[in-house]
There are 2 protein chains.
Amino acid sequence: MAREPIGIREVARAAGVSTSTVSNVINGRDDKMRAETRSRVLEAIQTLRYTPNTAAQQLKSGHATTIGLIIPSTANPFWGAVAHHVERAARQSGYRVLICNAERDPVEEARYAEMLLASGTQAIILASSPLSFDHFHHLMERGLKLAAFDQRVRDMTGGITCSVSVDQEMGGMLAAQHLLGLGHRRIGVVTGPIKTNSRIGRVNGIRTALSRAGIDLPDSLIWQGGGVIGFGDMEGSELGRVGVRELLSRDEPPTAILTGNDMYALGAYAGARDLGYRVPDDISIVGFDDIVLSEIVQPPLTTIRQPVSAMADTIVRLLIRHIEQPTGTDAESFISVAPQLIVRGSTASPRTVLKSQGVS
Amino acid sequence: MAREPIGIREVARAAGVSTSTVSNVINGRDDKMRAETRSRVLEAIQTLRYTPNTAAQQLKSGHATTIGLIIPSTANPFWGAVAHHVERAARQSGYRVLICNAERDPVEEARYAEMLLASGTQAIILASSPLSFDHFHHLMERGLKLAAFDQRVRDMTGGITCSVSVDQEMGGMLAAQHLLGLGHRRIGVVTGPIKTNSRIGRVNGIRTALSRAGIDLPDSLIWQGGGVIGFGDMEGSELGRVGVRELLSRDEPPTAILTGNDMYALGAYAGARDLGYRVPDDISIVGFDDIVLSEIVQPPLTTIRQPVSAMADTIVRLLIRHIEQPTGTDAESFISVAPQLIVRGSTASPRTVLKSQGVS
DNA sequence: CTATTTTAGTGTTTCGTTACACCAACTGTT
DNA sequence: AACAGTTGGTGTAACGAAACACTAAAATAG
């Protein structure tokens, strides 16, 4: 093993310049030296395989070129896709991404954020869309920038610097309208606890669409799985399964079910099958997210697509702008993009016969 | 925003001691001070909400308490689960985990590793099980420790410090034997490129089991999807779909298919359906990994379970031991655990009728 | 031909923490 | 009372990179 570590000093010696010049080369202050000097330094860097010590850079500058990303789950490929795209976008701007999986637990989230701040991260993208950012307040006071993914923030009063989200209400409306158009009148909802802004938005959208059609959404048709706190999507598919079984066992079961995300929807398939219902003949199911699996399963899932790649690009761009020039901050920092209804095979018109008795 | 950053000095002043003492408190050298002094310092830390600056710690000590984890994909929930468990295990020992998604591209892997090393990481867990570690050699020479997940390494000659893996051959054998036991004689394989040790091991196991039963595994029944390089599991399910369609279109199609992982298997379901085959009536399908979805889909997937949680615990434990006391290193650092056959509904005895013509 | 500006660098201090050498005040021993 | 040993600390010099204040030499102006 090569023992003596290569630092800026070794490079300087090899190139016959001072460490300051090497530093200038690294940081692109090309106007401070001749091209010949610069290339000599570059060559030394190359041959010595020098990489700047980020700890030292960070200690000097006071911050790291790092963005934290706190996601609610690693079991749902949707968040895997989000992480992947955020990471790609950030890297193009020279930033690294630290991915943390907090299972939507505020305590975990705060612990991660604390850790990230201590390691020099200036900004965090939070994807859990909690009702309150209280657990981040004292961190924001210490200068941490917070971006909200998956929920719309209205303005900076809460301390959030920017947000990018699909229009959750619109997503809920698209899904509900699709079912209404097919003739469904009794529609159930299977989701995790409606205690995050994203879920509240979606359910509001559903409710709006239904009420416009003169239909009520009784609480008895909304099934919320998972504990009050500390739940993830880890068992999203399991929850979907249980939820659908419960809804379909009601006195007057729904003819269609809107789920909180595609993993719930896949679980919903299983729950429906458990009771002998066929999708979409006996029950229609709509997902949310449009993960890759959605077009693979049988029947292919009708769902609401989130343009993940574009959303990731946008939030990274906004956040980096805020980091690098914390000037103007208002409008255009709180973005809401349109979701898209993807109609596949899991929805159909309701069967009017056999309305209130299981097929099983 | 509170402006003056709280450092060890502020804590020292508040507690009326020197910075050295605060440092001793932080690092648990309790024998260097009275209990009373210690609690005074602790109190100051609490009230000031002090967190040590990791960059400075790292600069001083020369390394970070951080482990890198390079996974092949974020689209396959299996790797999400691995990341989650590795992260949990590492945190219990006071380490952080940096998750990198390199899509099995050696160039990406090397870039990530370089970055990790520059940021002070001493050790990396590599989960892509490549044939060669050449692209890590110069990094290992610089002191980077490398642990292999998902492939068995025989000894330290390659520079790998430890490895934990399911016994891939045994996994392949279990899967093949299960199919043989059901009466299958013409068995196909759908997998990504067999250019990683894990895949080679699995296919070898399959081949061994078949040849013991006097059955040959012709190349024509092995479908390898994805490009030669730079492929991930991102489209694993898509690849599975295409692969099965191709195998089932052969002159003498297989009656059962072994897939590279559960995502391929889910894609295989779709591919079989595309041609009008029913699973398991017309074609049996076996997965690998046992992700949560496997028992949700219809039919529930017969697969080979990897004990992810235990494997993650083990590799983290081994690796941290190597980091903290780089003494003895041999045996017991290269661990292979037994996979488990989980029989569900995607496998059945072959139909002897209609052998070589599609049902569609 | 001198005065001024520009170019192309250099030397030193600093970031926050920790290791290490040091030391003052006690305790116990003879 | 003198001495050694222990306890409970303190002061300071690093770690590697970068900002800042410099300056020697060259270019340009008058």
Side-chain angles (χ1 to χ4, degrees), chain A residues 3-42 44-45 48-66 94 117-122 142-143, chain B residues 3-42 44-45 48-66 94 117-122 142-143:
Chain A
R3 275 312 75 197
E4 17 81 42
I6 39 264
I8 201 170
R9 267 181 294 270
E10 283 68 32
V11 176
R13 196 177 320 127
V17 295
S18 72
T19 60
S20 309
T21 301
V22 178
S23 173
N24 283 333
V25 170
I26 295 168
N27 294 284
R29 273 177 281 280
D30 297 2
D31 55 324
K32 289 288 175 191
M33 75 214 63
R34 275 176 303 169
E36 190 260 326
T37 310
R38 182 164 163 278
S39 62
R40 216 170 54 220
V41 171
L42 248 26
I45 288 176
L48 291 178
R49 280 211 167 78
Y50 165 72
T51 324
N53 179 317
T54 46
Q57 290 183 313
Q58 181 177 332
L59 176 59
K60 197 73 184 70
S61 67
H63 55 81
T65 52
T66 293
L117 186 61
S119 69
T121 296
Q122 303 179 83
R142 287 209 259 158
Chain B
R3 277 310 75 201
E4 19 81 40
I6 37 262
I8 202 170
R9 266 183 295 270
E10 283 68 33
V11 176
R13 196 177 319 127
V17 295
S18 72
T19 59
S20 310
T21 301
V22 178
S23 173
N24 284 333
V25 170
I26 294 168
N27 295 285
R29 274 176 282 281
D30 296 2
D31 56 323
K32 289 287 174 190
M33 75 216 60
R34 277 175 302 168
E36 190 261 326
T37 310
R38 182 164 164 279
S39 62
R40 216 171 51 223
V41 171
L42 249 27
I45 288 176
L48 291 178
R49 281 212 166 78
Y50 165 72
T51 323
N53 178 317
T54 45
Q57 291 183 313
Q58 181 178 332
L59 176 59
K60 196 71 181 76
S61 66
H63 54 79
T65 52
T66 293
L117 186 61
S119 71
T121 296
Q122 304 179 82
R142 287 208 259 158

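Remember, predicted model here, so these are calculated numbers, not experimental data. Every chain is numbered from 1 and lettered A, B, ... according to where its sequence line falls, protein lines coming before strand lines. All values below were derived from every heavy atom in this structure, side-chain atoms included, with hydrogens, water molecules and symmetry-related copies excluded.
Atom CG in B:L48 sits 9.5 Å away from atom CZ in B:R13 (nearest 0.5 Å). Taking CD of B:E10 as the start and OG1 of B:T19 as the end, the distance is 11.0 Å to the nearest 0.5 Å. Taking CG of A:D30 as the reference point, atom OG1 of A:T37 lies at 11.5 Å (rounded to 0.5 Å). In this structure, A:S20 OG and A:I8 CD1 are separated by 8.0 Å, a value rounded to the nearest 0.5 Å. The line from CZ of B:R40 to OG1 of B:T21 is 9.0 Å long, rounded to the nearest 0.5 Å.
Within the 4.5 Å cutoff, the side chain of B:R142 has heavy atoms near those of the A:I6 side chain. Using a 4.5 Å heavy-atom cutoff, the side chains of B:T54 and B:T66 are not in contact. Considering only heavy atoms from C-beta on, B:T51 stays 4.5 Å or farther from A:L117 through its side chain.
In this view, B:K32 and B:N24, B:R29 satisfy the side-chain contact (heavy atoms from CB on, under 4.5 Å) rule, not counting sequence neighbours.
Nearest heavy-atom pair, A:V25 versus A:M33, reported as atom, atom and distance to 0.1 Å: CG2-SD, 3.3 Å. A:P52 approaches A:Q57 most closely through the heavy-atom pair CB-NE2, 3.5 Å. For B:A15 against B:A44, the heavy-atom pair with the smallest separation is CB-CB, 4.0 Å.
Across residues 54-64 of chain A, A:L59, A:K60 each have a non-hydrogen atom less than 4.0 Å from an atom of DNA chain C (numbered order). Sorted by residue number, the members of residues 22-37 of chain B with any non-hydrogen atom under 4.0 Å from DNA chain C read B:S23, B:N27, B:R29.
Taking the 5' to 3' direction, DNA chain C first and last meets chain A under 4.0 angstrom from a heavy atom at C:dA8 to C:dG16. In the 5' to 3' direction, nucleotides of DNA chain D lying under 4.0 Å from heavy atoms of chain B begin and end at D:dG8 to D:dG16.
Place B:S18 and A:G7 on DNA chain D by their nearest nucleotides, and B:S18 ends up nearer the 5' end.
A donor-acceptor pair under 3.5 Å links the side-chain atoms of B:Q58 to the main chain of B:S119, judged by distance alone.
Between the axis at the start and the axis at the end of the helix from C:dC1-D:dG30 to C:dT30-D:dA1 there is an angle of 50°, using five pairs per end and rounding to 10 degrees.
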